[in-house]
K.L.:
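My structure is below; once you've seen it, I'll send some questions.
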There are 4 protein chains.
Amino acid sequence: MPDNESSFSGTAPAPEARGRGGKPKRGTAPDKRERILRAAIKVFARKGFFAARVSEIAKAAGVADGTIYLYFKNKDDVLVSLFDDRMRKLLAALREEAARDDATERKLTRIIELQLGLLEGHRDLAEVITVNLRQSTRLLKQYAAPLFVEYLEVIASVVAEGQRAGAIREDIHPLLTARALWGALDGIALTWALGGAEPGGLTRAARELATTLLDGMRRRPAVGA
Amino acid sequence: MPDNESSFSGTAPAPEARGRGGKPKRGTAPDKRERILRAAIKVFARKGFFAARVSEIAKAAGVADGTIYLYFKNKDDVLVSLFDDRMRKLLAALREEAARDDATERKLTRIIELQLGLLEGHRDLAEVITVNLRQSTRLLKQYAAPLFVEYLEVIASVVAEGQRAGAIREDIHPLLTARALWGALDGIALTWALGGAEPGGLTRAARELATTLLDGMRRRPAVGA
Amino acid sequence: MPDNESSFSGTAPAPEARGRGGKPKRGTAPDKRERILRAAIKVFARKGFFAARVSEIAKAAGVADGTIYLYFKNKDDVLVSLFDDRMRKLLAALREEAARDDATERKLTRIIELQLGLLEGHRDLAEVITVNLRQSTRLLKQYAAPLFVEYLEVIASVVAEGQRAGAIREDIHPLLTARALWGALDGIALTWALGGAEPGGLTRAARELATTLLDGMRRRPAVGA
Amino acid sequence: MPDNESSFSGTAPAPEARGRGGKPKRGTAPDKRERILRAAIKVFARKGFFAARVSEIAKAAGVADGTIYLYFKNKDDVLVSLFDDRMRKLLAALREEAARDDATERKLTRIIELQLGLLEGHRDLAEVITVNLRQSTRLLKQYAAPLFVEYLEVIASVVAEGQRAGAIREDIHPLLTARALWGALDGIALTWALGGAEPGGLTRAARELATTLLDGMRRRPAVGA
DNA sequence: CATGAATGAGTATTCATTCAT
DNA sequence: TATGAATGAATACTCATTCAT
């Protein structure tokens with residue numbers, strides 16, 4: 001089971017990841033920016049991006065309304081930063097996995113486990129990622145797309161590598177497979193988040209899904225021959 | 001290829017389908033309600049649900065702002081009705097397919113083709129279905145969920161039937177598979193809509209996906225025996 | 001007890017009183033205009049002029065929305081016509097009373113009884129007259145004022161006549177008295193309408209008020225001299 | 001003549017009177033809430049409650065539209081607060097008068113002078129109190145009624161006290177008298193406000209009315225004996 | 001850095017009125 | 001006369017953002 005779950009959910013300050021919008025802070029507050037992001041996850045999950053009020057996020061974070069604008073350009077930027085932060089962490093984890101010297105099947109299994117495992121226990125985050133991100137077509141196209149493409153490429157590269165190694169059927173389209181895999185994971189996470197979000201649900205789903213998919217992708221050693 | 005594509009996208013007036021909100025009108029306009037729905041698809045796809053202005057929809061439909069409120073309770077109701085209308089048509093098609101006396105694999109293949117084929121050539125509708133529907137968590141939970149559950153159950157029942165018939169592996173979870181399948185289709189449609197929406201892209205994707213998935217789900221006749 | 005109560009409340013067609021807005025009607029409907037006016041009294045009383053919807057009045061009158069505009073210029077005109085109609089009837093009754101060859105005290109007593117008696121049993125009308133009429137400052141100033149002045153003058157003339165006849169004190173200002181008398185009657189009617197509107201309440205109030213006021217206005221025959 | 005006239009019309013900030021809706025503000029503006037209320041009096045008097053635009057009130061008060069909603073729940077609340085504020089001041093003045101150790105006649109005279117004197121010179125306020133308050137039946141019944149009942153009870157108690165002291169006739173109904181008295185004062189103020197609002201008009205009217213009414217209520221010491 | 005009072009642009013919705021039938 | 005579907009002007013209210021303190 002992935003142990004970087006908590007870091008993904010934002011416990012670690014991870015100052016090196018502050019690529020956008022963050023301003024240098026003195027040591028006064030531990031990390032006000034992170035506090036705001038976590039408050040935003042809660043509020044976005046509960047109300048949705050558009051219905052969420054900046055003042056609510058501020059209140060949930062225990063800061064004044066205006067303070068949010070010291071750390072983020074505007075409300076959009078809060079959502080984008082949220083996605084950006086968490087997605088970068090996921091990407092880093094996926095890349096690390098992809099770089100391992102493992103069998104392709106093992107890698108894909110780990111990737112599936114990783115992604116669903118990250119959300120397991122973080123229903124709010126899952127809801128934000130699966131639902132809220134689509135709330136602004138503009139945000140989706142403008143900011144999410146690039147990272148998303150990176151994500152798909154990591155998966156696709158693992159598939160392609162597997163094909164070169166002879167472990168995966170040649171007639172499979174790597175990028176299409178990546179799209180379908182992401183969709184399947186997203187769909188499972190969505191129904192899990194909107195439904196009961198039962199503990200262990202995602203972990204179990206990850207395992208079953210991996211088995212089925214990999215069986216479909218595996219190159220058959222001349223069946224019946 | 002499904003030939004009811006156009007009816008799904010709303011070409012046919014289909015007055016008998018006026019289940020919700022519609023009021024009986026005199027024969028003045030052929031079908032003003034349908035005109036509004038189609039205008040809404042365009043505007044929602046271009047701007048997103050929240051950024052879409054009711055007045056824009058009215059203008060695109062060639063009616064006065066107030067007229068929209070003769071056919072729909074409010075802006076939310078337009079989106080919900082849209083989903084409701086189109087989803088019911090998809091469901092009917094899926095059920096018909098599921099009821100056929102075909103092999104399970106054939107049925108699943110047809111279902112995948114049906115769903116992606118319906119969106120092929122209707123980029124706007126695809127974008128509304130894959131993106132806009134998630135714009136309001138409330139709408140999603142309240143209205144979309146029930147129909148969505150019906151959808152999942154149709155797929156799951158086909159899978160379960162295949163298991164009973166010995167065509168599909170026993171260790172597969174029908175409902176989870178349905179969720180993953182829907183997610184994969186949704187993900188493919190989303191990336192297609194947000195990307196180039198190249199002609200034939202969905203149709204091709206449907207075929208490839210079907211092949212891969214079904215291979216993974218198929219019961220192996222004692223490999224190597 | 002006044003016996004023209006019912007005519008005041010609009011039972012009689014009173015075609016001669018149709019001074020404003022009314023259009024000649026064929027004998028088709030008994031009196032659609034009157035039906036609309038009575039419906040308006042009900043709706044105005046229940047909702048107030050501004051909150052009252054034209055469509056509600058139409059529905060209460062059993063006609064189509066558009067029909068109202070065949071009999072009245074607009075919504076304002078309905079309220080104005082209402083006041084005009086009823087006020088003219090009251091004025092006619094008051095004038096008749098004032099012209100009688102009675103003692104001044106008797107006349108004033110009758111006037112008080114007449115006015116409150118007219119409203120007794122017509123709570124809706126009472127509420128419209130005491131409350132709704134003031135809902136539009138413009139209406140009040142523009143339309144109600146002239147009739148209202150006529151009303152005050154009838155009262156004032158009776159008072160002045162009483163002074164000339166030596167029945168009423170010389171130091172009383174007739175017009176001020178008329179204003180106060182109307183105010184008192186209006187205030188009593190208002191509290192009656194907004195309160196329980198208990199049967200007989202107005203009639204009883206009329207008698208008591210008359211006694212008190214007249215005692216105050218009566219010329220004392222050299223008390224103690 | 002009452003010297004608290006100006007305080008009634010709102011000249012004094014009277015921060016202690018901020019019973020409803022007001023939020024504590026920093027010392028920026030002297031009293032923004034009061035400024036809004038006074039602007040509202042002007043606009044309501046000129047246009048009537050319904051025709052008055054919130055933006056007009058804001059402009060007249062020299063604040064932004066939104067600022068009004070920092071001090072009042074909505075437009076209704078502005079009118080209600082207006083009435084509430086001013087009525088409480090009147091009630092306090094009346095109660096003080098009623099509590100004095102004076103003869104009943106003197107008290108009633110003072111009460112009449114007080115009430116009309118308060119409006120003298122404040123035509124706008126007079127118009128709001130006599131006209132606008134009745135513009136919303138709901139407001140009238142819900143908010144004004146309780147304070148109004150208190151008002152009537154103060155008057156009625158003075159009358160009843162006079163009866164016990166033998167100064168006022170036994171056959172007079174205290175509460176009815178209060179209703180009539182209020183109505184008379186209201187009627188006089190209304191006609192004054194809608195008419196020329198000539199200076200001194202109300203003061204003069206107060207004196208004459210007091211004389212007449214009190215004469216009618218006074219217990220006669222065995223006339224002719 | 002932090003605050004939160006003040007701002008004012010922006011829009012869904014209503015409903016009086018019209019007019020083709 | 002009568003209808004009622006269609007119109008579209010008109011406005012209270014919200015809330016992201018700013019900036020004086």
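These numbers come from a predicted model, not from an experiment. First the proteins, then the strands, lettered A, B, ... as listed; each starts at 1.
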K.L.:
Hey, is the side chain of C:Y69 poking within less than 4.0 Å of OP1 or OP2 on F:dA2, counting only N and O atoms?
P.N.:
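C:Y69 to F:dA2 OP1/OP2: no side-chain N or O under 4.0 Å.
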K.L.:
Rounded to the Å, how far apart are A:L70 CG and F:dA16 P?
P.N.:
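From A:L70 CG to F:dA16 P: 17 Å.
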K.L.:
Does OP1 or OP2 of F:dA6 have a side-chain N or O of B:K32 closer than 4.0 Å?
P.N.:
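So the side chain of B:K32 is within the cut-off, an N or O lying under 4.0 Å from OP1 or OP2 of F:dA6.
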K.L.:
For F:dG8, which nucleotide in any strand shown is its Watson-Crick or wobble partner with both distances under 3.5 Å?
P.N.:
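Check on F:dG8: paired to E:dC15, both distances under 3.5 Å.
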K.L.:
E:dT14 phosphate, OP1 or OP2: any side-chain N/O from C:R53 under 4.0 angstrom?
P.N.:
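Looking at the OP1 and OP2 atoms of E:dT14, neither is under 4.0 Å from any side-chain N or O of C:R53.
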K.L.:
Take atom CD1 of C:I68 and atom P of E:dT18, then tell me their distance rounded to the nearest Å.
P.N.:
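Taking atom P of E:dT18 as the reference, CD1 of C:I68 is at 13 Å.
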K.L.:
Which atom names give the shortest non-hydrogen contact between D:F50 and D:K75, and what distance separates them?
P.N.:
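Taking D:F50 first and D:K75 second, the nearest heavy atoms are O-NZ, 3.4 Å.
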K.L.:
Can you tell me the pairing partner of F:dA20 across any strand shown, Watson-Crick or G-U wobble, with both distances under 3.5 angstrom?
P.N.:
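Pairing partner: E:dT3.
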K.L.:
May I have the distance from A:D77 (atom CG) to F:dA16 (atom P), rounded to whole angstrom?
P.N.:
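Going from A:D77 (CG) to F:dA16 (P), I get 15 Å.
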K.L.:
Of the non-hydrogen atoms in A:I68 and A:V63, which two are nearest, and what is the gap between them?
P.N.:
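Closest approach of A:I68 to A:V63, heavy atoms only: CG1-CG2, 4.3 Å.
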K.L.:
When the nearest nucleotide of DNA chain E is assigned to D:V63 and to B:K75 on a heavy-atom basis, which residue is associated with the more 5' position?
P.N.:
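Its nearest nucleotide lies further toward 5', so the answer is D:V63.
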K.L.:
Using whole Å, what does the distance between atom P of nucleotide E:dT7 and atom CD1 of D:I36 come to?
P.N.:
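After rounding, the gap between these two atoms is 9 Å.
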K.L.:
Out of the candidates C:K47, C:R46, C:K42, only one should pair with C:E56 under the side-chain hydrogen bond (donor to acceptor under 3.5 Å, both in side chains) rule; please name it.
P.N.:
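Only one of C:K47, C:R46, C:K42 forms a side-chain hydrogen bond (donor to acceptor under 3.5 Å, both in side chains) with C:E56, namely C:K47.
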K.L.:
So, for B:V128 and B:I41, which heavy atoms are closest and what is the spacing to 0.1 Å?
P.N.:
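Where B:V128 meets B:I41 most closely, the heavy atoms are CG2-O, 3.6 Å.
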K.L.:
Over how many whole Å does the gap from A:I57 atom CD1 to F:dC15 atom P extend?
P.N.:
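Those two atoms, CD1 and P, are 13 Å apart.
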K.L.:
Could you state the CZ-P distance from B:R33 to F:dA5, rounded to the nearest angstrom?
P.N.:
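The answer, rounded to whole Å, is 16 Å.
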K.L.:
How many whole angstroms separate atom NZ of C:K73 from atom C1' of E:dA16?
P.N.:
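In whole Å, E:dA16 C1' and C:K73 NZ are 13 Å from each other.
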K.L.:
How close or far is atom P of E:dC15 from atom CG of C:D76, stated in whole angstroms?
P.N.:
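Rounding to the nearest Å, CG of C:D76 and P of E:dC15 are 16 Å apart.
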K.L.:
Below the 4.0 Å mark, does E:dT7 have OP1 or OP2 next to a side-chain nitrogen or oxygen of D:T67?
P.N.:
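Answer is yes, contact under 4.0 Å.
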K.L.:
Quick one: on DNA chain F, does C:D65 or D:G66 contact a more 5' nucleotide (nearest heavy atom)?
P.N.:
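Checking each residue's closest nucleotide, the 5'-ward one belongs to C:D65.
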K.L.:
For D:A64 and C:A52, find the nucleotide of DNA chain E closest to each by heavy atoms; which residue's nucleotide sits nearer the 5' end?
P.N.:
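With D:A64 and C:A52 compared, the 5'-side residue is D:A64.
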K.L.:
Which atoms form the tightest heavy-atom contact between C:L37 and C:L82, and what is the distance?
P.N.:
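Looks like O-CD1, 3.7 Å.
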